[in-house]
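Letters A, B, ... are given to chains in the order of the sequence lines, protein chains preceding strands, and every chain is numbered from 1. Computed from a prediction, not measured in an experiment: that's the story for all the values here. Because only heavy atoms are used, hydrogens play no part in the values below, and waters and symmetry mates are left out as well, while side chains stay in.
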2 protein chains.
Amino acid sequence: MAQETILLVDDEKEIVQLLDIYFRNEGYRLLKASDGIEALEALRSEAVDLIILDVMMPRMDGVEACMKIREHRHMPIIMLSAKGQDIDKITGLSIGADDYVTKPFSPLELVARAKSQLRRYKQLNRPAERESGEIEIDGLLVDVASHEVSVEGRAVKLTPREFAVLELLARNRGIVLSMERIYEHAWNEPFLDGGNTVMVHIRKIREKIERDPRNPRYIKTVWGVGYKIDK
Amino acid sequence: MAQETILLVDDEKEIVQLLDIYFRNEGYRLLKASDGIEALEALRSEAVDLIILDVMMPRMDGVEACMKIREHRHMPIIMLSAKGQDIDKITGLSIGADDYVTKPFSPLELVARAKSQLRRYKQLNRPAERESGEIEIDGLLVDVASHEVSVEGRAVKLTPREFAVLELLARNRGIVLSMERIYEHAWNEPFLDGGNTVMVHIRKIREKIERDPRNPRYIKTVWGVGYKIDK
DNA sequence: ATTTTTCTTAAAGCTTTCTTAAAAAAACCT
DNA sequence: AGGTTTTTTTAAGAAAGCTTTAAGAAAAAT
């Protein structure tokens, strides 16, 4: 998955530095700007997925920057405001921000809110991603929406991981997938050790969907390479 | 597909201007009215697919407008309300809005909810125009309009939140909904912490509608994914 | 302002799932 | 064929996820 970029706009060095650590730690790319003008410039040259804007800044404050950005861009914006800054006044303006956080705030909370906004934004951009909800292979039916699998009409209960592995293979019919690729896709984390977790899962899946696991009809072993479902 | 039309009713210029950008960008036609009276007029002369109504407006407020519209029309209505305005009532029988967003709202969230309502109504008008305001599942009756629920004829009293959760699941039969999605839909706010509030609510609902909560007939747990009601 | 209801939080207990390790089987290579 | 490597199979312990309870906080009703 591509790394997401966050633009943090604040003139207070300490805050920027602090948040830099937190967002980096969560795997985001963090761009920095210290006022509205800089922010607008940064937006011209970089692809940004989310903006965090402090309200109080020199040259161009957060409110103005927010409205300017909104004229052209629709990525989520989170506003940072100080306690005394009368939140109601800011939020009442309907400047188009998506969330508001008051200082002093917990960095973790801001990270959580940022994540939440990014999640929603991503979903919005691909709503019709019903990825053809169902995959049918011979007599094997994989229904992503309901998370159900059936073989020749008989329902089969798979665990989350098993489902992820089977779905991956089913979506890539005819393509051999290495253990690494399977692991990294289905587990969503790097494949480090040389464990045989994936194999064990394949075994479990076969046990459930194959009539004769020794002679699998669906998930074929490609010796020395990986697994695949034939086209 | 023909362009869909949204009628935005709000007296606050900034909000209208802001949303104009968003909905235009998403490919909708946006009509504007600044109070309930104008809204009703607009409805007479134009074909509208969805209405967004601010609760607080001069001349005729959103609540009254909503009720008036409901007398004649069957179309999705989303209310913009301040926090603390009896939300349960807004989506309840007397007022009859389909959804609501509280100010200050995230434009992205409003767009997402608008899309969701449009999708729902389109599906409703196509296969079998059966929105008697009731969803029937096996022996479970969910009355969307009056917010009443009964099992095998016996009335069951659910709290507003419980109802929101059950309604969401009932409207999405056969689809697994994650805790996140359930929370964000039924609570109308971002799911930040990893709390188990949703689970506790599910438990309460089961206690009320299931004969044997351990072996639920309606709300099924999908391990590691979420909850669903089977189709 | 008080009572009642609803919601949230936290923790304990239970169930399911995942991982690990090791032995057995199969495929490959020379 | 014999040795080597890779995959399959098993089983048990560890980890993760779900359920249930209960008590306090918050919200709503009176």
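- In this structure, B/His74 has its ring center under 6.0 Å from that of B/Tyr121.
- Rounded to whole angstrom, the span from the CZ atom of A/Phe191 across to the C1' atom of C/dC18 amounts to 15 Å.
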Output one letter per nucleotide in nucleotides 8-23 of chain D: B when a protein non-hydrogen atom lies under 4.0 Å from the base, S when only the sugar-phosphate is that close, - when neither is. BBB------BSBBB--
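- The distance from atom CD of B/Glu162 to atom C1' of C/dC7 is 10 Å, rounded to the nearest whole Å.
- The CH2 atom of B/Trp187 sits 15 Å away from the C1' atom of D/dA26 (whole-angstrom rounding).
- Environment of NZ in A/Lys157: sparse, with no more than 12 heavy atoms of neighbouring residues, nucleotides or ligands closer than 6.0 Å.
- In this structure, A/Ile219 atom CD1 and D/dT7 atom P are separated by 15 Å, rounded to whole Å.
- Rounded to whole angstrom, the span from the OH atom of B/Tyr183 across to the C1' atom of C/dT8 amounts to 9 Å.
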Could you walk me through whether B/Asp99 and B/Arg120 pass the salt bridge (Lys or Arg N to Asp or Glu O under 4.0 Å) check? CA-CA 12 Å; B/Asp99 200 358; B/Arg120 188 163 78 79; over 6 Å; no
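- Listed by first then second residue, pairs satisfying salt bridge (Lys or Arg N to Asp or Glu O under 4.0 Å) with a partner in residues 175-190 of chain A number zero, not counting sequence neighbours.
- Residue B/Asp88 is out of contact with every strand shown, counting any heavy-atom pair closer than 4.0 Å.
- Axis deviation across the helix from C/dA1-D/dT30 to C/dT30-D/dA1 amounts to 40°, comparing end segments of five pairs, rounded to 10 degrees.
- The phosphate of C/dT5 has neither OP1 nor OP2 within less than 4.0 Å of any side-chain N or O from B/Thr159.
- Residue B/Glu207 places its CD atom among more than 12 non-hydrogen atoms of other residues, nucleotides or ligands, all under 6.0 Å distant.
- Counted within 6.0 Å of CZ on B/Arg211, heavy atoms from surrounding residues, nucleotides or ligands total 12 or fewer; the atom is thus considered open.
- The interatomic distance linking A/Ile182 (CD1) with D/dT7 (P) rounds to 11 Å, in whole Å.
- The local environment of NE2 in B/His147 is crowded, with over 12 non-hydrogen atoms from other residues, nucleotides or ligands closer than 6.0 Å.
- Within the nucleic acid shown, B/Thr197 comes within 4.0 Å of at least one base atom, counting heavy atoms only.
- Checking the phosphate oxygens (OP1, OP2) of C/dT17, no side-chain nitrogen or oxygen of A/His201 falls inside 4.0 Å.
- More than 12 heavy atoms of other residues, nucleotides or ligands sit less than 6.0 Å from atom NZ of B/Lys103.
- Protein atom NZ of A/Lys220 is 17 Å distant from nucleotide atom C1' of C/dA27, rounded to whole Å.
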Starting from the C-alpha separation in whole Å, work towards a yes-or-no answer on salt bridge (Lys or Arg N to Asp or Glu O under 4.0 Å) for B/Asp11 and B/Arg59. CA-CA 10 Å; B/Asp11 60 314; B/Arg59 296 217 292 170; over 6 Å; no
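- Rounding to whole angstrom units, CG of residue B/Leu192 and P of C/dT9 are separated by 11 Å.
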